[in-house]
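This report refers to the structure that appears directly beneath it.
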Amino acid sequence: MSSSNENAVEKPKHFIQHIIEADLASGKHARIHTRFPPEPNGYLHIGHAKAICINFGLAEQYGGLCNLRFDDTNPEKEEAHYEQAIEADVRWLGFDWGERLYHASDYFDQLYQFAIELIEKGLAYVCELGPEEMRAQRGTLTEPGQNSPYRDRSVAENLRLFEAMKNGEFEEGKAVLRAKIDMASPNLNLRDPVIYRVRFAEHHATGDRWCIYPMYDYTHCISDALEGITHSLCTLEFEDHRPLYDWFLDQVSVPCHPQQIEFARLELDYIITSKRKLNQLVQEGLVNGWDDPRMPTLSGMRRRGIPPEAIRDLIDRVGVTKKKATIELGLLETCVRDWLGPRAPRYMAVLDPIKVVITNYPEGEEEQLDAPLHSQNPEMGTRKLPFGREIYIERDDFMEDPPKKYFRLKPGGAVRLRYAYIIDFEQVVRDESGRIVEIHCTYDPDTRSGIGTSERKVKGTIHWVPARASQPARVRLIDRLFTVPDPDRRDEPFTAFINPEAMREMPEARLEPALSAIEPGQPVQFERLGYFTPDSHDHQPGAPVFNRIMTLRDTWAKKKS
RNA sequence: UGGGGCGUCGCCAAGCGGCAAGGCACUGGGUUUUGAUCCCAGCAUUCGCAGGUUCGAAUCCUGCCGCCCCAGCCA
């Protein structure tokens, strides 16, 4: 996808690949097995795409397997409908978990039995400290914690109390099961972490069968082991949890001991991935839902028209390391253009039209031009393009008083109309207020594209649509959601940096007729403007609505500024 | 002042004792009926800093400095 050119230098392997290859070579594993473990409490965003691509991608690359597992251990936050959305997003990215769709809640019975095993080994106890007391006794970063007064209960008593917890005999907050590790550990995670808490909440998968729920650290490692995961990949903030991950697996009779490996999550400038903040955007109506095309959610990017291949390419180019890195948005833009460039069929649309009358073109006449769908790839075929006396061009493709090097239409000048003729400027027509309402030109019949006999050359070529045969449309210009690269890390709230121009609708836009056959999901290029696709919610065959996926690279705009 | 990580070009990133890959961005030039694409060229005497070991260090040692994460009965 990226640079598969001539000298095709092999892409260097990243550290996780080194680990996997060593494990395969040493015979530690015959095949690898990974998993993508989202919590079903929100929608997936571009950051999740990295975890998805790494887990599924590595399994694919080394002939292994990757499970999809919902980490549903907190009934108060999770909801079933998120699961369907997550599944759709993972599939959209092009990955498949086969029959291996699991839930942490599938293991609640086993998790309960392993907890009993820990109690029997004297490694877990029921603690009746309240949340505040427990915090007070945990110590600080520099001071050790104190042992709970309940720490030395007998195995029999712990067994009885834990069962009482399970039977609903304790109110929420009145008792937890804790691992007995070390209250003086410099790693806070090892200071007798809670492994079960009481919650009288309906769980979306297990209903009211349980009133005690296992905590993440305890659940995750055991779930991995039960699924035969070989490499448990997660983000950097879990590094401190690895000793606990290993501790549980060492104490309990699970079938294997997966290796947890941490990598840096994906960060992009001009975007945010905080669940809380994305939710705020939606709740406060700052965007139109989770799949608003401005959103960095996978559903938003899909609706905007960004190809999943471009996202996979981005992840591929960015690499996998333990160093926190913020990638420039420009790289994503490059990936999108690289994927779409050779594939998107070309059409013409005028976003902000101004009428051009070709005064020497016979009134009432019209001709059908043949225009290639992709000038570099003739195999894509052609479409018919009606041309007549009246057409529309882009308002900013004409300037009365142009700067030097402006080679579009100007007084005294000429331009080529893409796939049609060269036209010469004649005059502008104004209304009473002096506003230009029309431009009059003449065309040069010998310059028709392809079959013209003239040797005449002009510097500029502009796009256009026929006045009569073009179709009115709403076209939304999508741009970055924020005006600063780091809206997250400012003194003002991030909402202060929302880009008011992130979605501009062009109400007067007009499309060439062939565009009426394009449906949502099909990306096209509007020549000289960018890549666009019909909006999956609002587009109607008779009333088209297109979203801009990405502009074309524009060096002219750069030179001007 | 505890513990765990990370510091190689503007943004990423190879490199693992033998003398700084690659991508993106940027800059110049060529092609072009998309100021797009494509092509060609340029772009770190230097690897957070300071010492040390060595014939030789981004790579080894020592000491500093900077940044990130951890005190949920969240994940």
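Sequence lines set the chain letters: A, B, ... in the order given, protein chains first and strands last, and positions in each chain run from 1.
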Could you measure between the two P atoms, the one in B:rC11 and the one in B:rU54, and give it in whole Å? 37 Å
Distance check needed: B:rC24 P versus A:Tyr270 OH, whole Å only. 20 Å
Could A:Arg343 and A:Trp339 be counted as a cation-pi pair, given that NZ or CZ must be under 6.0 Å from the ring centre and within 45° of the axis? yes
What does B:rG66 pair with, Watson-Crick or G-U, if both distances are under 3.5 Å? B:rC6
Expressed in angstrom and rounded to an integer, what is the separation of A:Phe263 atom CZ from B:rG4 atom P? 22 Å
Rounding to an integer number of Å, can you tell me how far A:Asp444 CG sits from B:rU33 P? 16 Å
The salt bridge (Lys or Arg N to Asp or Glu O under 4.0 Å) partners of A:Arg242 (sequence neighbours excluded) come to A:Glu262
Sugar-phosphate, base or nothing in reach of A:His374, heavy atoms under 4.0 Å: nothing
What's the NZ-C1' distance between A:Lys459 and B:rU34, to the nearest Å? 13 Å
When syn is taken as a glycosidic angle within 90 degrees of 0, is B:rG28 syn or anti? anti
Taking atom C1' in both B:rA14 and B:rC24, what distance in whole Å separates the two? 15 Å
Distance check, P atoms only: B:rG7 and B:rG72, in whole angstrom units. 29 Å
If you find the nucleotide of RNA chain B closest to A:Val320 and the one closest to A:Glu239, which residue's nucleotide is nearer the 5' end? A:Glu239
d(CE, A:Met550; C1', B:rA36) in whole Å: 14 Å
Would the base of B:rU33 count as contacting A:Ser449 through its side chain, where contact means a donor and an acceptor less than 3.5 Å apart? yes
Between B:rG28 and B:rC43, how many Å separate the two C1' atoms, rounded to a whole number? 11 Å
Salt bridge check: are A:Asp488 and A:Lys277 linked by an N-O gap of less than 4.0 Å? yes
Tell me the partner of B:rA71, counting only Watson-Crick (N1-N3 plus N6-O4 or O6-N4) or G-U wobble (N1-O2 and O6-N3) with both under 3.5 Å; none if nothing fits. none
Partners passing side-chain contact (heavy atoms from CB on, under 4.5 Å) against A:Thr442 (at least two apart in sequence or in another chain): A:Thr359, A:Asn360, A:Asp424, A:Glu426
Integer-rounded Å distance: B:rG22 P and A:Lys13 NZ: 18 Å
Can you find a side-chain donor-acceptor pair between A:Asp72 and A:His103 that sits under 3.5 Å? no
Excluding sequence neighbours, so at least two apart, what forms side-chain contact (heavy atoms from CB on, under 4.5 Å) with A:Tyr270? A:Leu329, A:Arg480, A:Pro485
Any A:Lys323 side-chain nitrogen or oxygen under 4.0 Å from OP1 or OP2 of B:rA13: yes
Please enumerate all residues that pass side-chain contact (heavy atoms from CB on, under 4.5 Å) together with A:Pro342, with sequence neighbours excluded. none
Separation of the P atoms in B:rG15 and B:rC60, to the nearest angstrom: 13 Å
Checking all strands, does A:Tyr406 fall into the base, sugar-phosphate, or nothing category for heavy-atom contacts under 4.0 angstrom? base
Give A:Gln376 one of three labels, base, sugar-phosphate or nothing, depending on what nucleic acid heavy atoms sit under 4.0 Å from its own. base
Students often get this wrong, so: under 4.0 angstrom with heavy atoms, is A:Gly530 touching a base, only sugar-phosphate, or nothing? nothing
Rounded to whole Å, how long is the line connecting atom CD of A:Glu143 with atom P of B:rG3? 14 Å
Does B:rG35 have its OP1 or OP2 closer than 4.0 Å to a side-chain nitrogen or oxygen of A:Arg528? yes
For nucleotides 65-75 of chain B, give me one character per nucleotide, 5' to 3': B if any protein heavy atom sits under 4.0 Å from the base, S if the only such contacts are to the sugar-phosphate, - if neither. ---SBBBSBSB
Between B:rC67 and B:rG30, how far apart are the P atoms? Round to whole Å, please. 47 Å
In whole angstrom, give the distance that lies between atom CG of A:Leu332 and atom P of B:rC12. 15 Å
Could you tell me whether A:Asp224 and A:Arg35 have a side-chain N and a carboxylate O separated by less than 4.0 Å? yes
Re B:rG42: Watson-Crick or G-U wobble partner, both distances kept under 3.5 Å, found to be B:rC26
Find the partner of B:rA21: check Watson-Crick (N1-N3 plus N6-O4 or O6-N4) and G-U wobble (N1-O2, O6-N3) distances, both under 3.5 Å, and reply none if neither fits. none
Answer yes or no: is there an ion pair linking A:Asp486 with A:Arg490, defined by an N-O contact shorter than 4.0 Å? yes
Non-neighbouring partners of A:Glu76 that pass salt bridge (Lys or Arg N to Asp or Glu O under 4.0 Å), sequence neighbours left out: A:Arg199
What interatomic distance, in whole Å, is found between P of B:rG35 and the corresponding atom of B:rG22? 31 Å
So which nucleotide does B:rU34 pair with, by the Watson-Crick or G-U wobble rule with both distances under 3.5 Å? none
What are the atom names and distances for every N/O pair under 3.5 Å that joins the protein to nucleotides 26-29 of chain B?
from	atom 1	to	atom 2	distance (Å)
B:rC26	OP1	A:Lys558	NZ	2.5

Residues two or more places apart in sequence or in another chain: which of them pass side-chain contact (heavy atoms from CB on, under 4.5 Å) with A:Leu477? A:Leu351, A:Val475, A:Arg504, A:Met506, A:Phe532, A:Arg548
Hey, does the side-chain of A:Glu328 have a donor or acceptor N/O within less than 3.5 Å of a partner on the base of B:rG10? yes
What's A:Thr326 touching, base or sugar-phosphate or nothing? Going by heavy atoms closer than 4.0 Å. sugar-phosphate
Listed by chain and number, what are the side chain to side chain donor-acceptor pair (under 3.5 Å) partners of A:Tyr419, not counting sequence neighbours? A:Glu527
Looking at B:rG4, does its base get a donor-acceptor pair with the side chain of A:Arg242 below 3.5 Å? no
I'd like the C1' distance from B:rG66 over to B:rC49, given in whole Å. 10 Å
Would you find more than 12 non-hydrogen atoms of other residues, nucleotides or ligands less than 6.0 Å from A:Lys322 atom NZ? yes
Given B:rC6, is OP1 or OP2 found less than 4.0 Å from the side-chain N or O atoms of A:Thr321? no
Taking any heavy-atom pair under 4.0 Å as a contact, classify A:Gln525: base, sugar-phosphate, or nothing. base
